[in-house]
Amino acid sequence: MASDSGEEKTAEEGTMTMDERKAKMEQLRAKMRSTTKANRASLIEESAKAKMTARETARLERQRKLAEVLRMQTEAEDRGEDVERQKNWEWTIEENDNWEKKKARKARRADYEFHDDVHAARRRYKKDLDLIKPDLTTYNRQKEAVLGLAPGSLSKSGSSTPSSSALTTFDPSGGQVVPSSEQRMAAESFYRDANTLLYADNKPTEDAIDRVVSKINKDIDKKGKFSRKRLNEDEGDITYINERNRVFNKKIARYYDKYTSEIRASFERGTAL
């Protein structure tokens with residue numbers, strides 16, 4: 001039966017005229033266009049639904065936090081407690097100190113006015129300090145040599161306290177620690193003062209040089225792009241006394257500047273009759 005139906009379909013297609021074939025092709029193309037349009041509409045609808053879902057989730061989260069705050073305030077008022085004091089119980093002393101330091105630093109840096117060169121230099125120095133990231137690995141390695149500790153002891157333990165594996169020798173007569181010559185040289189190089197004769201012996205790493213070069217290039221680029229916009233920079237001379245007068249003068253200039261520009265230029269040059 002399947003073979004008979006296939007043969008009948010083939011025979012029917014063979015007897016179709018050219019116009020019938022064109023009509024069938026147009027029908028298939030219209031069906032394909034409608035399917036594509038329906039798929040695109042469904043895709044847009046799903047995308048909009050996903051965006052609305054995220055927005056709705058954020059809105060519900062804000063409402064939940066607000067309801068929780070209001071509930072805590074109501075419960076605290078019923079018990080006769082202070083809401084702010086109860087909220088501050090959640091912070092530790094260290095976190096509170098850090099927060100107070102952050103607020104004080106923000107208040108100090110809120111003064112953006114120019115006072116003098118010393119004040120500007122200090123502000124610049126403080127900003128550069130925030131970008132400095134010390135190399136603790138190299139520091140611990142140098143301190144290990146000074147304290148006579150085993151290599152890697154400070155890096156592994158994460159502390160700067162000396163351990164029992166100090167590479168020092170003991171004087172049998174006095175029982176005191178006698179530092180070795182390498183330790184004395186390392187201590188003299190590590191703890192330098194005004195009387196030291198050691199200088200210019202520090203060799204920075206390639207990473208440190210790259211950081212300095214990138215910082216200098218960043219400052220040069222930032223300085224080149226810096227432009228402080230003045231209030232009347234685009235308008236030229238100030239010819240108004242308030243905002244309403246400025247708008248009026250701008251409307252007048254739009255229509256009459258082409259006629260009065262030569263007269264005003266002559267007045268400015270002092271050659272007007």
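Bear in mind that the values here come from a model prediction, so they are computed numbers and not experimental data. Computed from heavy atoms alone, side chains included, the values below leave out hydrogens, waters and symmetry copies.
- Side-chain contact between Leu28 and Arg33: absent, with no pair of heavy atoms (C-beta onward) separated by less than 4.5 Å.
- In Ile93, the CD1 atom is not crowded: 12 or fewer heavy atoms of neighbouring residues, nucleotides or ligands sit closer than 6.0 Å.
- Screening residues 63-74 for salt bridge (charged side-chain N to carboxylate O under 4.0 Å, His left out), with sequence neighbours left out, gives Glu61-Arg64, Arg64-Glu68, Arg71-Glu75.
- With hydrogens and angles ignored, the 3.5 Å screen pairs a side-chain donor or acceptor of Thr92 with a backbone N or O of Glu95.
- Ser266 places a side-chain N or O within donor-acceptor distance of the main-chain N or O of Glu262, the cut-off being under 3.5 Å.
- Considering only heavy atoms from C-beta on, His119 comes within 4.5 Å of Asp116 through its side chain.
- Side-chain contact between Thr17 and Arg21 is absent, with no heavy atoms from C-beta onward closer than 4.5 Å.
- Tyr259 and Phe248 end up in the same hydrophobic cluster when Ile, Leu, Val, Met, Phe, Trp and Tyr side chains are linked at under 4.5 Å.
- Separation of atoms CG (Asp19) and NZ (Lys24) is listed at 15.0 Å; rounding is to 0.5 Å.
- In this structure, CD on Glu20 lies 12.0 Å from CD on Gln27, to the nearest 0.5 angstrom.
- Salt-bridge check for Asp219 with Lys215: passed, with a basic side-chain N closer than 4.0 Å to an acidic carboxylate O.
- Cluster membership for Tyr255 and Ile252, using ILVMFWY side-chain heavy atoms within less than 4.5 angstrom, is shared.
- Atom CG in Asn98 sits 10.5 Å away from atom CH2 in Trp91 (nearest 0.5 Å).
- Partners of Asn249 according to the side chain to side chain donor-acceptor pair (under 3.5 Å) rule, which considers only residues two or more places apart in sequence or in another chain, are Asn245.
- Looking at Arg246 and Ile241, their side chains never come closer than 4.5 Å, going by heavy atoms from C-beta outward.
- With a 6.0 Å radius and a threshold of 12 heavy atoms from other residues, nucleotides or ligands, Arg40 has its CZ atom at or below the threshold.
- Distance OG1/Thr35 to CE/Met32: 9.0 Å, rounded to 0.5 Å.
- By the neighbour-count criterion of 12 heavy atoms within 6.0 Å, atom CZ of Arg244 is sparsely surrounded, having that number or fewer from other residues, nucleotides or ligands.
- Residue Lys101 holds its NZ atom at 15.0 Å from CH2 of Trp99, rounded to the nearest 0.5 Å.
- Salt-bridge formation is detected for the pair Asp221/Lys225: a Lys NZ or Arg NE/NH1/NH2 atom is positioned less than 4.0 Å from an Asp or Glu carboxylate oxygen.
- Linking Ile, Leu, Val, Met, Phe, Trp and Tyr residues whenever their side-chain heavy atoms come within less than 4.5 Å leaves Ile216 and Ile209 in two separate clusters.
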